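Computed from a predicted model, the values in this text were never measured in an experiment. The chains referred to below are lettered A, B, ... by the order of the sequence lines, with proteins before strands, and numbering in each begins at 1.
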Protein chains: 2
Amino acid sequence: MQEQADKIVKVLQANGLRVTPQRFAVYANLLGRSDHPRAEQILQDLNQAAPQSSQATVYSSLQALKKVGLVREVLLEEGVCRYDANVDPHHHFRCQGCGEIEDIPWEQLQGIQLGSLRSGLTVGNYEVTVHGWCDRCQTH
Amino acid sequence: MQEQADKIVKVLQANGLRVTPQRFAVYANLLGRSDHPRAEQILQDLNQAAPQSSQATVYSSLQALKKVGLVREVLLEEGVCRYDANVDPHHHFRCQGCGEIEDIPWEQLQGIQLGSLRSGLTVGNYEVTVHGWCDRCQTH
DNA sequence: CTTTGTGCAAACGATTTGCAGGATG
DNA sequence: CATCCTGCAAATCGTTTGCACAAAG
């Protein structure tokens, strides 16, 4: 636990970010969950027991973390921005019933051929979004 | 042109939508462009010469068109909802420089194997989003 | 004539900003 | 001790809503 905390501090510093209790808490919270929360959900989670951070600070922490590449945005619903501390390439599955978002490991969707894209386009990265129904929402 | 207009009227009716000048204009506008505009851009385009529609009506027209499946949303940027009258399955390319979004024909990204998804998930549809740089933005 | 759409303005939710005080390196 | 961060409240952006009037089928 302490070891984990030290590691987070080091990662933040290595990326040129000052380590403040709030920023630490936001990043640690995001690392500890895989449900792609929105800023608001992180805020509530942090302040559940005792006030730890303000709304504006959560937003700015997320921006800072995003800028250095420690978190990324996940955009799968209209007007909703979710965050993910898993920055390794992976795909997403979104349940059309409950809205839950689940990671799909990179290796599980292989065989994509990007070679035939129109010339003139330079590919940086790509990802697949799968829409469907999860276990609990089979009765659509 | 007139032929095209008649066709649009028929499509709207076939989908159970009343044909109003505003709704017609929104759909025709979207059909005539491939740049995935936001609601606001459609509004401005329509009212460029003379007032044709109000903001609220553009939004509600888009909702109605979306509900019957004549247009779809494209979500590739934070907090921004774009619209597309091309509802055939296709993928998207987004330039990280200028933000331009370009369609990628479905056939151009083949070979995706969805078979190995975790059991319990039912696949509805999927799409690939490619991030990169377009012709004009090669100097990143 | 019944139902649905339009336009206006106000309301809304999510995110951003300005600024003064406080903490970090 | 210079720089950057925090917290508050106000501002902003895109979108939605309530309601009275108008138009479509």
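For B/Arg23 (side chain) and B/Arg18 (main-chain N/O), a donor-acceptor pair under 3.5 Å exists by modelled atom type.
Atom CG in B/Asn15 sits roughly 14 Å away from atom P in D/dG25 (whole-Å rounding). For B/Gln52 and C/dC8, the CD to P distance is 14 Å, given to the nearest whole Å. For the pair B/Tyr59 OH and C/dA10 C1', the computed distance is 16 Å after rounding to whole Å. For A/Glu78 and D/dC13, the CD to P distance is 19 Å, given to the nearest whole Å. In this structure, B/Leu17 atom CG and C/dT6 atom C1' are separated by 15 Å, rounded to whole Å. In this structure, A/Ile42 places its CD1 atom 14 Å from C1' of C/dA14, rounding to the nearest Å. Rounded to whole Å, the distance from CD on A/Gln63 to C1' on D/dC5 is 14 Å.
Of the charged side-chain nitrogens involved, none lies within less than 4.0 Å of a carboxylate oxygen, so that B/Asp35 and B/Arg82 do not count as a salt-bridged pair.
For a distance-only test at 3.5 Å, the side chain of A/Arg18 qualifies as a donor-acceptor partner of the base of D/dC4.
Using a 4.0 Å heavy-atom distance criterion, B/Val80 is classed as making no nucleic acid contact. Within the 4.0 angstrom heavy-atom criterion, no nucleotide atom of any strand lies near B/Glu40.
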